[in-house]
Structures are given as structure tokens and as C-alpha cells.
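Take a look at the structure below.
A, B, ... follow the sequence lines: proteins, then strands. Residue 1 opens every chain. Both backbone and side-chain heavy atoms feed into the values below; hydrogens, waters and symmetry mates do not.
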Amino acid sequence: MTFTTQLFQSENLVLEAYDPEKDAAIEAAFTYDPNYAAVIDWDGVPHPLTVFEVKKKREEELKKGVEKDNFFLFALRRKADSQFLGILTLPHVFWFNRHAFFKVVIGEAEMRQAYFDEALQMALRYGLEELGLYSMHTTSGEYEPDVKQALEAAGFKAAVRQRENVYRSEKLWDRIFMEILQDEWKIHNAGVQS
Amino acid sequence: MNNPIFTGQLVRLIIMNLDEDLKLIEEWNVDSEYQRLLDAGAANRYNFKLTKEFFEKEIVGMHAFMIQKLDDDRKIGMIELEGFNWQVGSAWVGIGIGVRELWGKGYGTDAMRIILRYGFTMLNLNRIQLDVFSINQRAMASYEKAGFKHEGHLNGNLLKAGVRYDEVFMGVLRREWEQLQTAN
């Protein structure tokens, strides 16, 4: 038996180790977008962050990833020119329940439009194939319709709707937990490929 | 101490005394069912010193209270608001009644009503949310009584003894809570 699936490469993207020395500055520039900033400062009010803050946070997370085996962070880069596009993170894998929350975020709108679907498939392949998870979920909402639609197209279903739990563009929105089970993903992929 | 905000029909909420209360929590944790209903993590026995260090660090971001019976001043559980999002005015609530023989007698519902009053009238929150496992029907009924509404569930997110249970999410908005006060 061989493992034919490539986890860290797809047609246009590669998943690489996050490098705080060069990636933090790019990410800091992305944090003008609150949907990006929210994935760095999980509990706080999403706001533009300095390079110092992003670097410190990522270094702490990478250290945590080495000390524990339930945290994962990858840099998403374009294969052609190694441009840093964003990240894939699984900040807490619940091994005993075989479940994880994850986030794929891409900083620039045109890059998101071009590569989000592909990055999402890499995230699912890593979580559901390599980590062997039963299910994964992420958050989205009507405040980012492109991301929500991409998740639905990949087979995710809206599982939880936390009313009025996100503030964007001068109004409150529902935070939607989008979920996919390993079994659903296999069936969805079989349908896509046939 | 009977501050009206923190006093209900059956219990009052009082600030924690870490040295005293962590010993109580340690006693409650002997009951693994209590732990399994309380948390998605694996039930465990925790070293007192490490537990104290954890609370000393984490309590800064929590509004944590012990639940004390009004009739005999016995501390029977704890409840806390945490994970505040001040941009939208939301927080998570967690509750545990550690004394097993007092489960299902209305103490948890009363404590929850108090902390909702505290969250909405003193902290100016707009929503309070929680998660609970589908196996814990008693807790869900209690949360509904306090005003929480079901907001969905993650399928089979808790695995215990080879059986998967849903992680159910519930939330209450301030206007819903206010309507409930008017109705009552």
C-alpha cells in the first residue's frame, strides 16, 4: 500500500511551515480586514495589529504546537512564486472526540476568489484524511457571502446559528457554524469526481 | 450578603474563595459523571496546586461565582461568564452543580436566572450563550426554563464509550430575556 495523496501540494498551492520572520509582516497588513484579524486575536475585538503583535502571537502558537499535539498552523503559499496568501489553522484538535474547529483565511480579495476553494480542499484533506477526524467545523456568515458559498459548495452545512454574534459593516450578523462530517465529505467528493 | 442582583429564589451567587472552593471543586470532580456532563474534555483528576495556578491565571477573564443555597449557606456548584466579546456584547456561560443529590431540584435554573440578570442589567450584554451535550436533557430543560433558545448543534461532537452525542448550542438575547421578565 502507498499513500498517493499529496497533503501539502495542490495544483496551485503549497502548505508550508509558518515563518514568523517573514510571514508576520504580511499578515499584519491583512489585519485591516476584521475577518482576517479575528483569526489572530481569537477572543478580542478584531482590529489592525502591529507586526510585533502578530509575530509574538504566532511564535507562541508555534511553541504550543511543538509542546502539545493538538495545534496546527500552516502558511498557504502560491506554488508558482511562493507568495504568502494566508493561513490554515486548527487551533485545538479534540483527539478524544476526533473533532476540530479550523479556519482558512486568505488576505487579499482577489487571491481569496482565486484560491479559497483549493485551500479549503487542502484543509479538509489534512483534517479528515491525515488527522482522521470524524468532523470539522468552521465559522462564517452572511457578512462574508463568498466564503459561506464556498463552504456550502464544498459540502459544508450550516449547523449552528448564533444570533447577532458578529459585528461587521455597522450591523450585527449571525455567526454560523459550518460543519462537515468525514462520511459526508467522502460522499461529496465521490459525487464531484464522478 | 443578600445583594438583590445576586440573590434568587433558592440560591445566591457569591465570589470565589479560591483556597476553600477549589477543594470543593476537587471533591465534586471525583464524580466522573459530573465532569463528563460539564466538559468536552476527558475527565481527569487535577493536582490542587496546578488547579489553583490555572484559576489564578484564568479568573482575570472570568466572572466566576460559587452557587450558595439560601436556606443553609451550603456551596453546591459554580457558574461563570467568560469568553466576553465586548464588540457585540456577548459571553459564554458555564454552570455545574457539583452536589449530585441536588441535581434536578431547580438550583441550577435559579443560578442561571441570576447570572442572566447580572449579564444583561449590569454588564450590558446583548446575548449569552452556552453549549451542552444532547445526553444532558435535564440541563437543556433547565436552560429553556431560564430563557435560552436552541441555535443548532454539531453532529456527534462528543464521543463517550463509543457513542456519539451532539453538541447543542443555545443562546438568549437581551430583548428575549426582557420579554420573559415582563411576562413573569
For this session: May I ask you to decide if the ring planes of A/F84 and A/F30 are parallel, tilted or perpendicular, using 30° and 60° as cut-offs?
Result: parallel

Exercise. Is B/R100 close enough and on-axis enough to B/Y34, meaning under 6.0 Å and within 45°, for cation-pi?
Worked result: no

For this session: Counting only heavy atoms closer than 4.5 Å, note whether B/E82 contacts chain A via side chain, backbone, both or neither.
Result: neither

Seminar exercise, completed: Comparing B/L159, B/L158, B/V168, B/N155 against chain A, the one with the most heavy-atom pairs below 4.5 Å turns out to be B/N155

Exercise. Relative to chain A, which of B/E167, B/M170, B/R175 shows the most heavy atom pairs under 4.5 Å?
Worked result: B/R175

Exercise. Any idea how B/F169 and B/W92 line up, ring-wise: parallel (<30°), tilted (30 to 60°), or perpendicular (>60°)?
Worked result: perpendicular

Exercise. Does B/K160 reach the side chain of B/R36, with side-chain heavy atoms less than 4.5 Å apart?
Worked result: yes

Problem set entry | Matching residue for B/Y118 among B/L81, B/L13, B/I79 - test: side-chain contact (heavy atoms from CB on, under 4.5 Å) | B/L81

Problem set entry | No-hydrogen, no-angle side-chain donor-acceptor test under 3.5 Å, A/R168 and A/N35 | yes

Exercise. Considering heavy atoms only, which positions within residues 137-154 of chain B lie below 4.5 Å of chain A?
Worked result: B/K149, B/E151, B/G152, B/H153, B/L154

Problem set entry | Mutual orientation of the aromatic rings belonging to A/Y126 and A/F72 [parallel < 30°, tilted 30-60°, perpendicular > 60°] | perpendicular

Seminar exercise, completed: Rounding to 0.5 Å, atoms CD1 (A/I26) and CD (A/Q83) come to a distance of 7.5 Å

Exercise. Heavy-atom distance under 4.5 Å to chain B: side chain of A/Y167, backbone, both or neither?
Worked result: both

Exercise. Which atoms of B/N157 come close to chain A, meaning under 4.5 Å heavy atom to heavy atom: side chain ones, backbone ones, both, or neither?
Worked result: both

Exercise. Heavy atoms under 4.5 Å from chain A: which residues of residues 38-61 of chain B carry them?
Worked result: B/A40, B/G41, B/A42

Exercise. Does A/E11 come within less than 4.0 Å of A/K79, counting only side-chain N to carboxylate O?
Worked result: no

For this session: Could you pull out the closest heavy-atom pair between A/S10 and A/R125, with the gap in Å?
Result: CB-NH2, 4.2 Å

For this session: Identify whether NZ of Lys or CZ of Arg in A/R161 sits under 6.0 Å from the centre of the six-membered ring of A/F177 and within 45° of that ring's axis.
Result: no

Problem set entry | CG on B/L116 to CD on B/Q181, rounded to 0.5 Å | 8.5 Å

